[in-house]
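A single structure is presented below for examination.
Throughout, residue positions are numbered sequentially from 1 according to the sequence presented.
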Amino acid sequence: MTRQRTPQANLSLLLFPATAWLIIFFVVPLLIVLLYSFLERGTYGGVTWIFTLSNYQRLFSTTDGGIYLGVLWRSLWLAFLTTAACLLIGYPLAFFIATRSTRWKNALLLLIIIPFWTNFLVRTYAWIILLQNKGVINVALQSLQIIDEPLTLLFTPFAVIIGLIYGYLPFMVLPLYSTIERFNFTLVEAAQDLGANDLRTLWRIILPLTMRGIIAGSILVFVPTVGAFITPDILGGAKTMMVGNLIENQFLKARNWPFGSALSMLLMVLVLIPLLIYFHISEANKD
């Protein structure tokens, strides 16, 4: 006589593949990186199994002119500017798409998603053609006699921000669209009937009720942006190094795996902070 499995046993069986995948490919590598961050660099790369805190001390040391803290703050600042710009551009765009007819919604959403069909590296290299001294933008401005000499656009923080906005704008638009589409617009009509103007309605009704989409989109943009390394490497050159480029250099060029691991752990902590804030706000809204 066979004994039937309980629902809890069936659920555990179903969750086992996903749990095993997370443990093998996420938890274990993360623990290895954490362990390496407390070890010393080997003579020819790799690690030496000697426990030390020097890697974390080096992160916050001022003996190197605070170079690592400078790169860290630059990364945070560029990520913040990119997130703010994506929000300012993405919110009106998402609002416009969400208030169109179904046929136009699908067409406009397709235009937002189309860039994902092309490799991110190729799309980033395309900006070199636009931003270089003899690129499309400078040639167009000179042809219109707006400028006499080419503007220095490439290999600047401006180029990095433009590339990051272009690359991550869809990550802001899609969650905003999802939230705005479910918005009850009869509340706007009610507010206007009570004498509220458009600006007051936006500030007191629309923004608070779409805040979840704003926070979700901001996190989806900020988290990958703060650790970006392809865009700053291609469009910023050596002048605009971000923490992602610094980690790449430590692992692949300097072969200082322990210090690169310490940088990676610091970056992970910085990424976890906005995620924890988001989960806290989500739980507070449920209550």
Closest non-hydrogen atom pair, Ile24 against Val28: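 Scanning both residues completely, I find the closest heavy atoms to be O-CB, 3.8 Å.
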
Taking Phe25 as the starting point, is it possible to reach Leu31 by hopping between hydrophobic residues whose side chains are less than 4.5 Å apart? no

So, Tyr56 versus Ser37: side-chain donor-acceptor pair below 3.5 Å or not?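 Judged by distance alone, the side chains do pair up.
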
Heavy atoms of other groups near Phe26 CZ, more than 12 under 6.0 Å: no

Closest contact, heavy atoms only, Pro208 versus Arg204: CG-O, 3.5 Å

Shared hydrophobic cluster, Leu263 / Leu53 (ILVMFWY, side-chain heavy atoms < 4.5 Å):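 Same cluster.
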
Just jot down the side chain to side chain donor-acceptor pair (under 3.5 Å) partners of Thr48, sequence neighbours excluded, or say none.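 Once residues adjacent in sequence are excluded, Thr48 has no partner under the side chain to side chain donor-acceptor pair (under 3.5 Å) criterion.
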
For the student: nearest non-hydrogen atoms of Thr210 and Tyr91, plus distance: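 Minimum heavy-atom contact is OG1-OH, 2.8 Å.
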
Residue from Thr201, Asp193, Asp198 passing side chain to side chain contact (heavy atoms under 4.5 Å, CB included) with Val188: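 Exactly one option meets the side chain to side chain contact (heavy atoms under 4.5 Å, CB included) with Val188, and it is Thr201.
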
For the pair Glu181 and Lys105, find out whether any cationic side-chain nitrogen is under 4.0 Å from an anionic carboxylate oxygen. yes

A side-chain contact here means heavy atoms from C-beta on lying under 4.5 Å apart; do Leu270 and Leu76 qualify?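 Answer yes - side chains close enough.
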
Taking all atoms of both residues into account, what is the closest heavy-atom pair of Pro232 and Asn245, and its distance?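 The answer is CB-OD1, 3.4 Å.
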
Quick check for you: to the nearest 0.5 Å, what is the distance between Ile230 atom CD1 and Met242 atom CE?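 Nearest 0.5 Å value for the CD1-CE distance: 12.5 Å.
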
Should Leu272 and Leu72 be regarded as members of a common hydrophobic cluster, given that ILVMFWY residues are connected when their side-chain heavy atoms come within less than 4.5 Å of each other, either directly or indirectly? yes

Measuring from Arg123:CZ to Trp117:CH2, what's the distance to the nearest 0.5 Å?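 If I round to the nearest 0.5 Å, the distance is 12.5 Å.
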
Side-chain contact, heavy-atom cut-off 4.5 Å: Ile162 with Leu130? no

Is it true that atom CZ of Phe120 has more than 12 heavy atoms of other residues, nucleotides or ligands lying nearer than 6.0 Å? yes

Same cluster or not: Trp73 versus Ile273, using hydrophobic residues (I, L, V, M, F, W, Y) connected whenever any side-chain heavy atoms lie under 4.5 Å apart?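 As far as the 4.5 Å side-chain criterion goes, Ile273 and Trp73 are connected within one cluster.
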
Under 30°, 30 to 60°, or over 60°: which ring-plane class applies to Phe80 and Trp77, parallel, tilted or perpendicular?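 Geometry flag for Trp77 against Phe80: parallel rings.
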
Can you list the residues that meet the side-chain contact (heavy atoms from CB on, under 4.5 Å) rule with Thr152, with sequence neighbours excluded?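 Residues passing side-chain contact (heavy atoms from CB on, under 4.5 Å) with Thr152: Thr156.
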
CD1 on Ile205 to CG on Leu194, rounded to 0.5 Å: 9.0 Å

Closest non-hydrogen contact found for Pro258 with Gly46 is CD-O, 3.8 Å

Look at the aromatic rings of Tyr36 and Trp49 and report parallel, tilted or perpendicular, splitting at 30° and 60°. perpendicular

Do Asn55 side-chain atoms and Ala262 backbone N/O form a donor-acceptor pair below 3.5 Å?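 Flag not set: sc Asn55 to bb Ala262 has no pair under 3.5 Å.
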
I want to know whether Phe183 and Phe185 have ring centres closer than 6.0 Å. yes

Closest non-hydrogen contact found for Asn138 with Leu131 is ND2-O, 4.0 Å

Establish whether Ile50 and Tyr44 are linked, either directly or via other cluster members, by ILVMFWY side-chain heavy-atom contacts under 4.5 Å.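 Unlinked, Ile50 and Tyr44 end up in two clusters.
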
Does Phe251 have Arg255 sitting over its ring (NZ/CZ under 6.0 Å from centre, angle to axis within 45°)? no

Show me, pair by pair, the donor-acceptor contacts under 3.5 angstrom made by side chains of residues 217-229, not counting sequence neighbours?
residue, atom, partner, partner atom, Å
Ser218, OG, Ile214, O, 2.7
Thr225, OG1, Val221, O, 2.5

Is the terminal nitrogen or CZ of Arg58 (NZ for Lys, CZ for Arg) located under 6.0 angstrom from the six-membered ring centre of Phe259 and within 45° of that ring's axis? yes

